[in-house]
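Notes to accompany the following structure.
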Amino acid sequence: KLNEDFPSDQTVSELKNLDLDYIIVHKDEYDKLNSDKFMINNRLIPNGEIVLKELNSNKNLKLIIEFDDSYIYQFN
């Protein structure tokens, strides 16, 4: 279920409830999956820009480190 809807607010909340401290996103990997039309349960994996936009707008997360195509978010 988490893979299907990530990076929705609900999946971020579910990850937080697992007592995780960080989410690490590799933008280039999302871009590759999206360009290859990779799907999970008939849902196209979003590109990296969409994933980052969703995570940046989530009030439960704070971007703490960005390097190359990797982004590390910390739960508030």
Side-chain angles (χ1 to χ4, degrees):
K1 178 72 176 152
L2 289 174
N3 284 336
E4 282 181 38
D5 297 328
F6 185 80
S8 71
D9 288 344
Q10 179 181 347
T11 57
V12 169
S13 291
E14 290 176 25
L15 290 171
K16 184 177 183 177
N17 288 338
L18 294 173
D19 290 328
L20 298 179
D21 294 320
Y22 304 97
I23 294 175
I24 300 171
V25 174
H26 302 287
K27 179 186 173 296
D28 56 339
E29 292 181 20
Y30 278 94
D31 290 339
K32 174 77 170 122
L33 290 169
N34 181 266
S35 69
D36 289 346
K37 308 287 188 227
F38 189 83
M39 300 179 85
I40 295 177
N41 291 336
N42 295 319
R43 180 179 177 267
L44 181 65
I45 296 292
N47 67 37
E49 288 298 322
I50 292 172
V51 171
L52 295 176
K53 181 180 175 187
E54 290 286 324
L55 294 177
N56 287 332
S57 68
N58 190 303
K59 66 182 185 328
N60 292 313
L61 293 172
K62 177 183 176 183
L63 177 64
I64 58 168
I65 298 173
E66 174 186 341
F67 56 96
D68 299 326
D69 270 341
S70 297
Y71 299 78
I72 300 177
Y73 292 85
Q74 184 173 32
F75 286 98
N76 294 330

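In what follows, every heavy atom counts, from backbone to side chain, and hydrogens, waters and symmetry copies are set aside.
Distance alone, capped at 3.5 Å, places no donor-acceptor pair between the D68 side chain and the S70 backbone. Judged by distance alone, with hydrogens and angles left aside, the side-chain atoms of N47 form no donor-acceptor pair with the main-chain N or O of D31 at under 3.5 Å.
Under the 4.5 Å side-chain heavy-atom criterion for ILVMFWY residues, no single connected hydrophobic cluster contains both V12 and I64. Both L15 and I40 are assigned to one and the same hydrophobic cluster, defined by single-linkage of ILVMFWY side chains at heavy-atom distances under 4.5 Å.
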Output side-chain donor-acceptor pairs under 3.5 Å for residues 50-59, partner residues at least two apart or in another chain, one line each.
unit_1, atom_1, unit_2, atom_2, d
N56, OD1, Y73, OH, 2.8
N56, ND2, L52, O, 3.1
S57, OG, K53, O, 3.3
S57, OG, E54, O, 3.0
N58, OD1, N60, N, 2.7
N58, ND2, D9, OD1, 3.1

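Across every non-hydrogen atom of P46 and F6, the tightest pair is CG-O, 4.2 Å. Summarising the geometry of K27 relative to Y71, their closest heavy-atom pair is CB-CE1, 3.8 Å, with the distance given to 0.1 Å. Closest approach of F75 to Y22, counting heavy atoms only: CD1-N, 4.1 Å.
Residues forming a side chain to side chain donor-acceptor pair (under 3.5 Å) with D21 (at least two apart in sequence, or on another chain): none.
Screening I72, L61, T11, L63 against I23 for a side-chain contact (heavy atoms from CB on, under 4.5 Å) leaves a single residue, L61.
Distance check, rounded to the nearest 0.5 Å: CD1 of I45 to CG of L33 gives 6.0 Å.
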